[in-house]
Amino acid sequence: MSADTAEPSPAAARPPHFLEQIIEADLQAGRWGGRVHTRFPPEPNGYLHIGHAKSICLNFGLARTYGGRFNLRFDDTNPAKEEQEYVDSICRDVKWLGCDYDEGPQAGGLFFASNYFEQMYRWAEELVRKGKAYVCELSAEEVSAKRGTPQTPAISPFRDRPPDESLRLLRAMRAGAHPNGSMTLRARIDLASPNFNLRDPVMYRIVHEHHHNTGGDWCLYPMYDWAHGLEDSIEGITHSICTLEFENHRPLYDWFIDAINEGRGPDSEWGPRIHHPRQIEFARLNLTYTVMSKRFLLRLVREARVKGWDDPRMPTISGFRRRGYTPESIRAFCEDVGVTRQNSVIDVGRLENACREHLNRIAPRYMGVLRPLEVVIDNWPAGTVEQIACVNNPEDPGAGTRDVPFSGKLLIERDDFMESPPKKFFRLAPGAEVRLRYAYWIRCVSVEKDGAGNPVRLRCTYDPATRGGNDPPDGRKVKATIHWVSADHAREVEVRLFDRLFNAEQPGARTGDQFDDLNPSSLEVLRARVEPALAEAVNTARSDEPARVQFERLGYFATDPDSRPGAPIFNRIVTLKDLWVKEQKRG
RNA sequence: UGGGGAUUAGUGUAACGGUAGCACAACUGACUCUGACUCAGUUAGUCUAGGUUCGAAUCCUAGAUCCCCAGCCA
């Protein structure tokens, strides 16, 4: 298993990307006292997806590269959407990815924005007293109506309310004296700014709702723009990395911290200045044939179009985990796609490739037949069973061999036989000869069919001189090797095959509704027949991680948690590359 | 229409005034007891138009295209 540990050190092999360049320049300039401290700040309102994985790996990787720390922080400022279930799943996913926030050299810790509510509130009162914030009694609809246009300013009739009065109202808001939506605390910035985010943004709104962490302590909840920079500041974050759509929010991020710091200093009545991190934006990950929005994924789950957040077809981290992806391969993928400020769409095939690359190194091989076709070997000595030694992993010489029983009644893959094969079909056909992997060469002498004309049994002969699958002395050649199982020894197992969830490269591009591009047949469940050693290996596997194996010539498979003792279920993680499929599509 | 960003082979991504390189995809071929893996090779690119310069993907000017922004979401 030594191949498993070989993961290239990411930042070493390539030129530094723009974030690394920024950090190196900051380090060079002595900013932050040489510290690097990053964070991943999810809102617990859904499960993490592969796009989040990129952000997690980025933030954690930066901390690792520069000997810094990495925090996991829940940005839990909206109780209406957040749940403990999501908190739990996020913690698990981040750890599974190998980005440990509470153990190891990068451990910065686990935090909740909601634990800072008291501190944030004190700063809010400070801004009110400084005349930088005021209580506004406009309704949401009125604010919207008075937003103005890019050219005309917004209108806010309460912005000149005296600080004392705002302070009194703010305290009443906090005390629960007012219903949802009746008033807000707003920052007094610039009603005419072409950046709408600066048109006196809301800092606090009233939400009478139970919070997963603070329970009923608060009915006043901070908005993202007010809260986020403060969270970063409190934790001593140096580089606050977020996605491109927050670019227009950066002036606000800076404004709030500057507003708090105004008048602060060593001898100030307000206290010392607070830490001011730097927000930097990068382009989020997009994948072909994939929808990444949490809202949409939630809909898939709620409308039962998939079996849950961890359905192996979902682009969630838990979905990939259940499907059988390794964290190593997801990390390698995130490293591979790079970090820039350009919007892009990555070919989902690259994720699959990263997975194949890792699994090829570590997955033991077995033989299994998905759609069986019976083969009877006419000249096989009746009643005899031979044990065939099979290589466990050609990529890993230390993996050894196992015995697979061989007999006169076999099962092969339906796709490996064609009655009237095209020119480039090298497998079994009437009169044709193939190698059974590690076993013998067989020749098809006749085909038995059912009433509908479908082949149900192949009658073949074997060549004893090809024992072990080796070339016979007469110099004969075969162009194909196929997999097989002994019919009477094979175990039946459930296999789940997945196709992409969407038929369109960019779901929703056609009609505007991503649901219109859902692939109706993205799941196929089969009863497959596998060699006995596989069934045994699975029973002894650890339960916290799936057993991952290669079915020779078919793909990589992982045991699903639905498995029961003696009744394993295999998810196909990804197929092997298949040039024959490509050849067929070419026509 | 206002503001903020981005444009380099099919897709991604380097090159930071000095030979446009890499990965994936595609296509050839070699190897092969997995039509896998591996290896070798081929095709193919600086959004446009001007300018500065001995020299421009890089700097300047003008334009084009795409993305984001008018939640009491994050």
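Because only heavy atoms are used, hydrogens play no part in the values below, and waters and symmetry mates are left out as well, while side chains stay in.
The side chain of A:T340 lies closest to B:rA14, out of B:rU34, B:rG5, B:rA14. Checked against B:rU34, B:rA36, B:rG71, the side chain of A:E395 finds its nearest nucleotide in B:rA36. Distance from the side chain of A:P194 is smallest to B:rG3 among B:rG3, B:rA14, B:rC73. Taking only side-chain atoms of A:R147, from C-beta outward, the nucleotide of B:rA70, B:rU34, B:rC67 with the closest atom is B:rA70. Of the candidates B:rC68, B:rA74, B:rU34, the closest approach to any side-chain atom of A:N248 belongs to B:rC68. Among the nucleotides B:rC72, B:rA74, B:rC27, the one closest to any side-chain atom of A:S139 is B:rC72.
Looking only at distances, a side-chain donor or acceptor of A:T149 sits under 3.5 Å from a matching main-chain atom of A:Q151.
With hydrogens and angles left out, the side-chain atoms of A:E395 and A:N393 include no donor and acceptor closer than 3.5 Å.
Taking the six-membered ring where tryptophan is involved, the planes of A:F40 and A:H52 are perpendicular, since the angle between them exceeds 60° and thus also 30°. Between A:F117 and A:H211, the ring-plane angle classifies as perpendicular under the 30° and 60° cut-offs. Using cut-offs of 30° and 60° on the angle between ring planes, the pair A:F570 and A:F557 is perpendicular.
Straight-line distance from the CD1 atom of A:I280 to the P atom of B:rA6: 14 Å, rounded to whole Å. Rounded to an integer number of Å, the gap from CG of A:N195 to C1' of B:rG5 is 12 Å. Rounded to an integer number of Å, the gap from A:L579 CG to B:rA30 P is 14 Å. Between the CG atom of A:L359 and the P atom of B:rC37 there is a distance of 13 Å, given to the nearest Å. Rounded to whole Å, the distance from CZ on A:F426 to C1' on B:rA36 is 15 Å. Rounded to whole angstrom, the span from the CD atom of A:E209 across to the P atom of B:rC73 amounts to 11 Å. Going from atom CZ of A:R250 over to atom P of B:rC69 covers 16 Å, rounded to whole Å. Distance CD (A:E352) to P (B:rA25): 11 Å, rounded to an integer number of Å.
Atom C1' of B:rC60 sits at a distance of 32 Å from the matching atom of B:rU11, rounded to the whole Å. Look at the P atom in both B:rU46 and B:rC67: the space between them is 23 Å, to the nearest Å. Nucleotides B:rA40 and B:rC31, compared at atom P, are 15 Å apart to the nearest Å. To the nearest whole angstrom, the two C1' atoms, one in B:rU43 and one in B:rG10, are 11 Å apart. Between B:rA70 and B:rA74, the two P atoms lie 14 Å apart (nearest whole Å). With both ends at atom C1', the span from B:rC16 to B:rC59 equals 12 Å, rounded to whole Å. As rounded to the nearest Å, B:rU8 and B:rA56 have C1' atoms that lie 14 Å from one another. Spacing of C1' atoms, B:rA6 relative to B:rU34, comes out at 44 Å, to the nearest Å.
Residue contacts for A:S193: at a heavy-atom cut-off of 4.0 Å it reaches no nucleic acid atom on any strand shown. Among the heavy atoms of the strands, none lies under 4.0 Å from A:G338. Note on A:N470: a base of the nucleic acid sits closer than 4.0 angstrom, heavy atoms only. Base contact: A:Q151 has a heavy atom under 4.0 Å from a base atom. Using a 4.0 Å heavy-atom cutoff across all strands shown, A:R437 reaches at least one base atom of the nucleic acid. Contacts of A:S344 with the nucleic acid, taken as non-hydrogen atoms under 4.0 Å apart, involve only primed sugar atoms and P, OP1 or OP2. Within 4.0 Å of A:P222, counting heavy atoms only, lie sugar-phosphate atoms of the nucleic acid but no base atom.
Under 4.0 Å is where a charged nitrogen must lie from a carboxylate oxygen, and between A:D232 and A:R73 at least one such pair does. Ion pairing between a basic and an acidic side chain is recognised when a charged N comes within 4.0 Å of a carboxylate O; A:R14 and A:E20 show such pairing. The existence of a salt bridge linking A:R402 and A:E531 is confirmed by a sub-4.0 Å separation between a basic side-chain nitrogen and an acidic carboxylate oxygen.
With a glycosidic angle no more than 90° from 0, B:rG71 adopts the syn conformation.
By the criterion of a centre-to-centre distance under 5.5 Å and near-parallel planes under 30°, the ring of A:Y224 forms no stack with the base of B:rA74.
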RNA chain B in dot-bracket form (Watson-Crick or G-U pairs under 3.5 Å, [ ] crossing, | inter-strand) is .((((((..((((....[..)))).(((((.......)))))....(((((..]....))))))))))).....
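Contact of the A:E352 side chain with the A:T575 side chain is not registered, since no non-hydrogen atoms from C-beta on lie closer than 4.5 Å.
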